[in-house]
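Working notes for the structure below.
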Protein chains: 2
Amino acid sequence: MSSDIENKCAAKGVRLTDQRKLIAKVMSESGDHPDVDELHKRVSSLDSKISIATVYRTVKLFEEAGIVDKHDFKGNKARYEQAPTEHHDHLIDINTGKIIEFVNEDIEKLQKEVAKKLGYNLVDHRLELYGSKIKK
Amino acid sequence: MSSDIENKCAAKGVRLTDQRKLIAKVMSESGDHPDVDELHKRVSSLDSKISIATVYRTVKLFEEAGIVDKHDFKGNKARYEQAPTEHHDHLIDINTGKIIEFVNEDIEKLQKEVAKKLGYNLVDHRLELYGSKIKK
DNA sequence: ATAATTGCAAATGCTTTGCTTGTGA
DNA sequence: TCACAAGCAAAGCATTTGCAATTAT
């Protein structure tokens, strides 16, 4: 019962400690985009002595290994999610904070074109939509 | 010789102090996207006693009045630019930090469509491309 | 006149880090 | 074994804020 992220760590040669295993497990099972405090809260219920510094160091480690993605949405602290197999962007509900993932190949293609036209290779991008629910 | 931003302040009923006038002037004349430190540096050459707290308070004030835009590009501190008349997005050169502005109506339209399809009205968005220059 | 603004320094909030002890391979 | 990781508290950095003095309208 090693978690998804745990397997990726093994594959990347990242040393697995008990704490990292717990953080990996919690992140693997999280369907949302928790911030460090929230992660620490969730992990603490499994190991009450884990320090928040360890959570910070671990998410950074995972991020640098390409195992998790970090997001800095407007006005919020950094949030994390397990690196997805297929890329997606985010729509943030400005009233509730709810995050919805979406994929749009046309936009992806246009971004590459724009970059190319400006003389650049697209290395990374950030696309976030902020919206309010349409009432009916 | 009142600056562009100064006029907008008057129009919005924002009280104009000497310090604010200087910050408005510097921002009006800036073609780039300076951060608060840089703004403070530029303003200090006109008034050496202006405090950085005032710069922070003023850019926030201008931002809330819709007079300047704030950008939090990846890995950098907040940068500011005079609110443009026509919207644009940014491409950031990951090697030099250079910022290039661009407009793409197709992407804009697609963003609205994506939001609508998810049941949201698009209120705001963030699109940043990170790229490296194509060598020839 | 007087409510708003400034400058300063202290406080904040998130994140990183130094150091000593503990531990995975 | 022993280089690396954890826990703790202190430090860092960008930004905000309390307060007394100053200023714009």
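Residue numbers start from 1 in every chain, and the chains themselves are labelled A, B, ... in the order their sequence lines are given, proteins ahead of strands.
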Interatomic distance, B/Leu22 CG vs C/dG7 P [rounded to whole Å]: 10 Å
Strictly below 4.0 Å: does A/Tyr56 bring a side-chain N or O up to OP1 or OP2 of C/dT16? no
Tabulated below should be each protein N or O lying under 3.5 Å from an N or O of nucleotides 2-4 of chain C; please produce it.
from  : atom 1 : to      : atom 2 : distance (Å)
C/dA4 : O4'    : B/Arg15 : NH1    : 3.0

I'd like to check A/Val26 versus A/Ile23 (side-chain heavy atoms, cut-off strictly below 4.5 Å). Are they in contact? no
For the side-chain hydrogen bond (donor to acceptor under 3.5 Å, both in side chains) test, which of A/Lys25, A/Glu38, A/Arg42 pairs with A/Ser30? A/Arg42
Contact under 4.0 Å: A/Thr17 side-chain N or O vs D/dC4 OP1/OP2: no
Rounded distance [0.5 Å steps], CG in A/Asp35 versus CG in A/Asp72: 11.0 Å
Enter the distance from B/Tyr120:OH to A/Ile100:CD1 here, rounded to the nearest 0.5 Å. 4.0 Å
Looking at D/dT15, C/dT6, D/dA6, which one has an atom nearest to any side-chain atom of B/Ala78? D/dT15
For A/Asp18, report the nucleic acid contact type (base, sugar-phosphate, nothing); a contact means any heavy atom under 4.0 Å. sugar-phosphate
Would you mind reading off the distance between B/Lys74 atom NZ and D/dA14 atom P, rounded to a whole angstrom? 20 Å
What does the inter-axis angle of the helix from C/dA1-D/dT25 to C/dA25-D/dT1 come out as, five pairs per end, nearest 10 degrees? 40°
With nearest nucleotide decided by heavy atoms, which residue, B/Leu16 or B/Tyr80, maps closer to the 5′ end of DNA chain D? B/Tyr80
Does a side-chain heavy-atom distance below 4.5 Å link A/Val55 with A/Gln19? no
NZ of B/Lys77 versus C1' of D/dT15: gap in Å, rounded? 11 Å
Please verify the inter-ring angle class for A/His87 with A/His125; under 30° counts as parallel, over 60° as perpendicular, anything in between as tilted. tilted
Tell me, do A/Asp4 and A/Met27 make a side-chain contact under 4.5 Å, heavy atoms counted? no
If the threshold is 4.0 Å, N to carboxylate O, is there a salt bridge linking A/Arg79 and A/Asp32? no
Would you say A/Ser48's side chain and A/Ser44's backbone share a donor-acceptor pair under 3.5 angstrom? no
Close N or O pairs between protein and nucleotides 7-10 of chain D (under 3.5 Å):
from  : atom 1 : to      : atom 2 : distance (Å)
D/dG7 : OP1    : A/Gln19 : NE2    : 3.3
D/dG7 : OP1    : A/Lys49 : O      : 3.4
D/dG7 : OP2    : A/Ser51 : N      : 3.1
D/dG7 : OP2    : A/Thr54 : OG1    : 2.6
D/dG7 : N7     : A/Arg57 : NH2    : 2.7
D/dG7 : O6     : A/Arg57 : NH2    : 3.3
D/dC8 : N4     : A/Arg57 : NH2    : 3.4

Check the distance between D/dC13's P and B/His40's NE2 and give it to me in whole angstrom. 18 Å
Aromatic rings B/His88 and B/His90: how do their planes relate, parallel, tilted or perpendicular, breaks at 30° and 60°? perpendicular
Rounded to whole angstrom units, what separation is found between the NZ atom of B/Lys21 and the C1' atom of C/dT6? 15 Å
Give a yes or no on whether a salt bridge exists between A/Arg126 and A/Asp89, defined as a side-chain N under 4.0 angstrom from a carboxylate O. no
Separation of A/Lys12 NZ from A/Ile5 CD1 (nearest 0.5 Å): 12.0 Å
If you check the B/Lys60 side chain, which of D/dT15, C/dG24, D/dT16 turns out closest? D/dT16
Starting from P on D/dT15, measure out to CG on B/Asp72 and report it in whole angstrom. 8 Å
